[in-house]
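These numbers come from a predicted model, not from an experiment.
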Amino acid sequence: MLNRLEMLRIFLAAADTGSFKDAAVRLGISPQAVTRAVQELERIQADLLFHRNTRQVRITAFGEELAERARDRLSQIDALFVPRKGLPSEEFRGIVRLTAPKALGRLGILPLLADLAIAHPGLRIDLGLSDTPADVVDERIDIGVRFGAIRDSRFIARKVATYAFHVVGTPALIARVGEPTQIQDLEGLPTTVMNDVTTGRPWPWWFVQGQYTPSLPTFASNDSEAERDAVLGGLAFGQIAGFLADEHIAAGRLIPVLEKFAPHPWDLYVYRPQRGPVAPRVRLVFDQLVSVLGAG
């Protein structure tokens, strides 16, 4: 019987090359040895790893999933035998799956991930952007970034920053329709909302006293940058996160209103599932996100 680690290495060679013959050449063994290893692994897993016919072999969906997990485990085992000094970039090889809010992901996270992938050519990034928090456990995501406290014991979370939310409008809009001084004044003014893609309903605006939802918004979107751009265009007042609004407020392009009713700043967290050993590539990306988002 084959050593199970060796069996996995043979399986991965077949998965990478897409050919039992090429896997055998790569490993210096016979094609029959590759076939036997794959058959034994299929018996253990009780599922098919490759579709085979006389012309080709093609990995199954289950085989792809097993290959991804096997690469992780074998890389961790191989890392045990590498001296701690001068670890090569190979230790960061593999995929890291992340989820983040749309605008923050594009503006604050994507540049960092691009730099990391350039520095470590074996690193692969899968970034999902959504303003609806994902269940990172169910969706097999390695790292998440989100606003709001994370009290689930399944996660390791690091608070990295706080962001204010401002109700803002352009000078031209205020000159045209006037400036609200009370929350109820918004009912007679053009406003924007963000739609929750999971419910189709608009998200409320937040104030220190509670929530407010514009009843007849002038502009609605499921993208916070589109909402920001509509406000910048002078279309309406909107409640915009600081990381999208602050530079425009400083430049005088946007004017904050209703500041005395502003909500408490929201905390930004970087988090990951608390499950088993952490792959070096996941720890690398997690630590860099904590460092860079915290410095910003």
From CA spacing to verdict: side-chain contact (heavy atoms from CB on, under 4.5 Å), F62, L49: CA-CA 6 Å; F62 175 76; L49 299 175; 3.6 Å; yes
Option among W205, F207, W266 that satisfies the ring-ring contact (aromatic ring centres under 6.0 Å, His included) test with F165: W266
T191 and P217, any side-chain heavy atoms less than 4.5 Å apart: yes
W206 side chain reached by H264 side chain, heavy atoms, under 4.5 Å: no
Enclosure of I44 CD1 (heavy-atom neighbours >12, cutoff 6.0 Å): yes
Pairwise distance CD1(I10) to CZ(R26) - rounded to 0.5 angstrom: 12.5 Å
L258 to T181 - nearest heavy-atom pair and separation: CD2-C, 3.5 Å
Spacing of E40 atom CD and T35 atom OG1 [to the nearest 0.5 Å]: 13.5 Å
Note, V167 side chain near F261 side chain (heavy atom, < 4.5 Å): no
Test log, rule side-chain contact (heavy atoms from CB on, under 4.5 Å), inputs R71 and D16: CA-CA 11 Å; R71 286 189 187 94; D16 290 341; 2.4 Å; yes
Euclidean distance, L41 CG relative to L8 CG, rounded to 0.5 Å: 6.0 Å
Heavy-atom pair of closest approach, residues P256 and I249: CD-CG2, 4.0 Å
Atom pair CG (L235) and CG (L173), whose distance is rounded to the nearest 0.5 Å: 8.0 Å
Aromatic ring pairing F147/F243, orientation class (parallel under 30°, perpendicular over 60°, tilted between): parallel
Matching residue for T60 among L66, L48, D47 - test: side-chain contact (heavy atoms from CB on, under 4.5 Å): L48
side-chain contact (heavy atoms from CB on, under 4.5 Å) evaluation trace for V38 with R52: CA-CA 12 Å; V38 170; R52 309 169 180 75; 3.2 Å; yes
Heavy-atom side-chain proximity of P202 to N195 below 4.5 angstrom: yes
D142 with R281: basic N within carboxylate O range, under 4.0 Å: no
Atom pair OG1 (T99) and CD1 (I143), whose distance is rounded to the nearest 0.5 Å: 11.5 Å
Residue pair A245 / H166: nearest heavy atoms and the distance that separates them: CB-CD2, 4.4 Å
Derivation of the side-chain contact (heavy atoms from CB on, under 4.5 Å) call for I240 and H248: CA-CA 11 Å; I240 309 296; H248 301 292; over 6 Å; no
Close side-chain approach of R253 to E247, heavy-atom, < 4.5 Å: yes
Donor-acceptor contact below 3.5 Å, side chain K102 vs main chain N222: yes
Spatial distance of atom CD (Q288) from atom CG (L112) [nearest 0.5 Å]: 6.0 Å
Residue pair L113 / L98, side-chain heavy-atom distance below 4.5 Å: yes
4.5 Å side-chain heavy-atom contact, E65 and R69: yes
Side chains of L268 and L104 in contact at under 4.5 Å (non-hydrogen atoms): yes
Verdict with reasoning, Y269 to F155, per ring pair (Phe, Tyr, Trp, His ring centres under 6.0 Å): CA-CA 11 Å; Y269 285 83; F155 302 122; over 10 Å; no
